[in-house]
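Report on the following structure.
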Amino acid sequence: MARLFTPSPGLRNAVPNRWDWILLPLVLALLVLAAYGAMQMSRPFVVGEALPISLDPVNLPYYLMRTILRMFIALGFSLLFAFLFAALAAKYRAAEKAMIPLLDVLQSVPILGFQAIAIAPFIALFPGNLLGVECAAIFAIFTSQAWNMALSLYQSFRTVPPELNEAARVFRLSAWQRFWRLELPFAMPGLLWNMMMSMSGGWFFLVAAEAISVAGQDIKLPGIGSYIAVAIDQRNLGAIAWAIGAMLTGILLYDQLFFRPLLAWADRFRFEDTQGDTAQRSWMLDFVRRSRWLNAFSEHLAKGLQNAMGWFALGNDGTVPRRQWLRLPTWWPRAWDVILMLACAFAFLRLGLFVHQDVGWGEALHVLGLGLITLCRVMLLIALASLVWVPLSIWIGLRPRYSQKVQALAQFLAAFPVNLLFPLVVLLLVHFQLSPNIWLSPLMVFGTQWYILFNVVAGAATIPYELRLAADNLGLRGWLKWKRVYLPAVFPSFVTGAITASGGSWNASIVAEYVSWGDTSLVANGLGSYIKQMTDAGDFHRIALGIGVMCIYVMLLNRFFWRRLYLLAENRR
């Protein structure tokens, strides 16, 4: 371990050049802002103490800094969760049987449900300190980011080309080395696009994450989400405009300083050739590559990681190892299936007792009917979004010079909180006397359709250049080229994006089916509006019933529709 952290001679002797002096203020500024934000997050606080939110635009840079810091902390934990989840689910069939349905449940639980569960334990964990409330907000943002990244990484691990797996066996890579040298690099381009989408998903639910209710107290943490919540309460259109500008500024900053350099760097991990116009570009990465200090530091870090790769290496006896599987008793798979069936039976028994004793079967049937209405909305909207975004995303993904131009715009649109559209929606629907059951529906997919865009763009960007040349040499044109080359190539990525977009649309229905602006409220029939109304009324039994029904619908939809498409995508890879 000492070797890993001992400064190398290159790092000690690197003489700074002009690029080092250009980057030094930026690096120092980021470190100072992170330290200051962390200090503000851990200051003394007692539940009931007022945390005033000012609509003065002067405060927006501070609020933006606090929000972005929360989102990047949540992104780090989401990345760790995705690594652990994908590695276990992709490698162990027994774990996959439990973890994939569990992921379906988790992505269908509304962020309000996670927050209600987490707020009290976090406050108890850090008594007398604001850190408990901050952790609850970070956890809420985490729940809007992690499931998409975990599903993307799992899908990538399952679709590693067989020839690469065989090469890993020939080179005697251990499971540890296979993860870092093969599986994670292969998944890196798609993972980065989904990380960007996860950041945007955090913005979409930011109002719910930063405006917290506990013990009858409303706590609004300093941030853009709380700023938007106060602006909506006060019907302040000017403040909403300032919030939109601050969001756009923040997205552009972390796109240029973080995601764009990572996308350009990740080109080296592409399985296919990167000739032609397929290379990503980043001015920030060019600056970093010209910096002597950062180059020396990266070389030192690479040597440390190279040493870490050998921690669990296999011995070399000159032979190719056979596939090694965890040896379990022959009766274990059947026993595991029985355990899962008993757990499901127990859950349904408890659900039946809860319905019979606390809410009644009539109410349960009513909620099931509302869930069916929301299901129809979700499927119709996902189908329409797919017809629009799949061909457009393929076109963008095959032309990275355009994808770089639309990348920040797509992130901004995906991050745009649907709450900011409430004034316009209420005005139009009331003025033209339109039906909320029809015209509120597009709000459900407004923030989730971008999962399809980002995943398909990532899938199209990884279409091998040789395959495109071969299609041109064979004279494939028009629909035949799309049918035989492009659509099959992006199908796994599309299924991943559609599954996540579907789950996100169920979650977004709570915001989209119940719209209010000042004293005016528009309500569409559906499961989302039911949960929202019961939340406002404080009826916890019916809130639990609505969330439970939503989980059941999402699980059945994923099991009997999306999962079948997912298996088809794996077989056609």
Side-chain angles (χ1 to χ4, degrees), residues 100 103-111 144 147-152 155 190 193-194 197-198 200-201 204-205 370-394 396-397 410 413-416 418 421 437-460 482 486-488 490-513 524-529 549-569:
I100 297 302
L103 187 65
D104 295 339
V105 173
L106 291 174
Q107 72 172 344
S108 64
V109 175
I111 189 173
S144 66
W147 325 134
N148 171 50
M149 294 167 56
L151 189 61
S152 167
Q155 180 259 341
W193 280 96
N194 278 279
M197 187 63 234
S198 294
S200 298
F204 189 78
F205 293 105
L370 294 177
L372 187 60
I373 295 173
T374 301
L375 171 64
C376 293
R377 288 197 181 103
V378 168
M379 298 306 294
L380 178 61
L381 291 168
I382 294 298
L384 293 176
S386 300
L387 289 175
V388 173
W389 291 115
V390 168
L392 185 58
S393 300
I394 293 175
I396 294 172
L413 292 175
F416 196 87
V418 71
L421 295 176
N437 286 312
I438 297 176
W439 296 103
L440 287 182
S441 300
L443 294 178
M444 291 174 55
V445 78
F446 180 83
T448 58
Q449 60 185 330
W450 313 107
Y451 287 106
I452 299 175
L453 171 68
F454 276 68
N455 278 276
V456 176
V457 166
W482 282 77
Y486 294 154
L487 293 179
V490 303
F491 188 60
S493 300
F494 163 72
V495 174
T496 301
I499 292 175
T500 313
S502 174
S505 296
W506 283 94
N507 219 322
S509 67
I510 297 176
V511 180
E513 292 180 347
N525 294 324
L527 189 56
S529 64
V549 170
M550 184 176 288
C551 292
I552 291 173
Y553 269 110
V554 173
M555 287 183 64
L556 293 177
L557 181 63
N558 287 357
R559 176 65 180 85
F560 293 105
F561 181 73
W562 293 118
R563 198 59 58 194
R564 292 177 184 269
L565 289 181
Y566 195 83
L567 294 175
L568 179 63

- Classify the ring geometry between W450 and W389 as parallel (under 30°), tilted (30 to 60°) or perpendicular (over 60°).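 Geometry flag for W389 against W450: tilted rings.
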- Task: Search all heavy atoms of G397 against all heavy atoms of A460 and return the closest pair with its distance.
- Result: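 Taking G397 first and A460 second, the nearest heavy atoms are CA-CB, 3.9 Å.
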Determine whether [X] and [Y] make a side-chain contact, defined as any pair of heavy atoms from C-beta on separated by less than 4.5 Å.
X    : Y    : value
F494 : N455 : no
P391 : W482 : yes
L381 : S505 : no
I452 : S386 : yes
T374 : M550 : no
V390 : L487 : yes
L372 : Y553 : yes

- Task: Output yes when a side-chain donor or acceptor of S198 lies under 3.5 Å from a complementary backbone atom of N194, and no otherwise.
- Result: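 Judged by distance alone, yes, a pair lies under 3.5 Å.
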- Task: Nearest 0.5 Å please: distance from the CZ atom of R377 over to the CG atom of L440.
- Result: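 Rounded to the nearest 0.5 Å, the CZ-CG separation comes out at 8.0 Å.
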- Message: Working to the nearest 0.5 angstrom, can you tell me the gap between L453 CG and I396 CD1?
- Response: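 Separation between the atoms: 6.0 Å.
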- Task: Using side chain to side chain contact (heavy atoms under 4.5 Å, CB included) as the criterion, point out the one residue from V554, T496, I382 that pairs with W562.
- Result: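 Considering V554, T496, I382, a side chain to side chain contact (heavy atoms under 4.5 Å, CB included) with W562 is found only for I382.
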